**Q** 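Got a structure for you, written out below as structure tokens; questions coming shortly.
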Amino acid sequence: MIGAVDIGGTKIAVGIVDENGRVVKRVEAPTEAERGYSVGLEKITQMLREILSGTGGVIRGIGIGSTGMLDPIRGEWTDVDFLPGWEGQNPVEDLSREFGMSVAMENDGDAGALAETYWGAGKGKSRVVYVTVGTGIGGGIILDGHLYRGVAGSHPEIGHHVMEASGPECTCGLHGCWEALAAGSSMEKWYAENQPGPERHGKPVSAREICELARTGNEFAKRAVDREGMYLGLGLANLIGMYVPEVIVLGGGMMQSADLYLGKIREVIHSGCRFVPAEKTEIALAALREDANLIGAAVAWQHRYGNLTEAAST
Ligand SMILES: [Zn+2]
């Protein structure tokens, strides 16, 4: 069994993942990042101890999946929007010292990509692109069964390829990135700005509500959903053109309404991509859902220190 830690801006989850990629037990606590890293570390340590004594389990190592920019080789955060003041801290060294075992940390997009490839919708495939669409767009790339890393172990940001150079401003400094056009928050922003007159000044409408309205036949919500499917399809067509993976696994909150977008997504992909065998790239929905991050953290450890071939063949 492997200890798993999922660190997000609002909550920290800790669990134990068994050799079949199942979360046997999990506990959660608010991150409270503003109270500082040492409080966060203490919380993680206590949760791990609690869960270990509760199950009587023996773990081989600890995997961490975390939000933000981090150096997976050194095991420390480099620039973390959602964890202010945690930059430069090294939970890999700290937990390793505390528990006397190996610890691996990956960005949560990469951890999710590993989880879906080894235990989820990409199982049995070796070229997988994982895309998560929520308030932002992130993900990870698996090539020949291994996590693709950029220079100095960096994590590529697939949500920030530019689709419309004169599009909306993005948090990364460019304009018209995929994320700025197709993330849930971007859909909500477009909806609020383009809503027909009488409804425009009402309370903000969430992406989930837009989808519900579209299901009831609301014409403007249907337009928003169609636009969302079009931009999701364009981004996926770009990824297919660049990587031609065996499968693209789609996860994240926005995919709870995937049935509303999938038709448009396939239409956009099949209207282009003619120089690659796009029909061979499967578009699949993430299989691991709420446990994906913890399973991802465990696979991050397994990818670094364990035997992944063992996991893939089980
Ligand atoms: Zn961007």
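Nothing here was measured: the structure is a model prediction, and the numbers come from that model. Order of appearance sets the numbers: ligands from 1, and atoms from 1 within every ligand.
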**Q** The Zn ion (ligand 1): which protein N, O or S atoms are under 2.8 Å away?
**A** H160 ND1, C170 SG, C172 SG, C177 SG

**Q** Please check if the distance between the ring centroids of Y118 and W301 is under 6.0 Å.
**A** no

**Q** So, are D291 and R22 salt-bridged, with charged N and O less than 4.0 Å apart?
**A** no

**Q** Flag this pair as yes if the NZ/CZ of R49 is under 6.0 angstrom from the six-membered ring centre of F99 and inside a 45 degree cone about the axis; otherwise no.
**A** yes

**Q** Any Lys/Arg nitrogen of E106 or R149 sitting under 4.0 Å from an Asp/Glu carboxylate oxygen of the other?
**A** yes

**Q** Using side-chain heavy atoms (C-beta onward) and a distance below 4.5 Å, is R304 in contact with S102?
**A** no

**Q** Check whether the side chains of D94 and Y37 place a donor and an acceptor atom closer than 3.5 Å, and report yes or no.
**A** yes

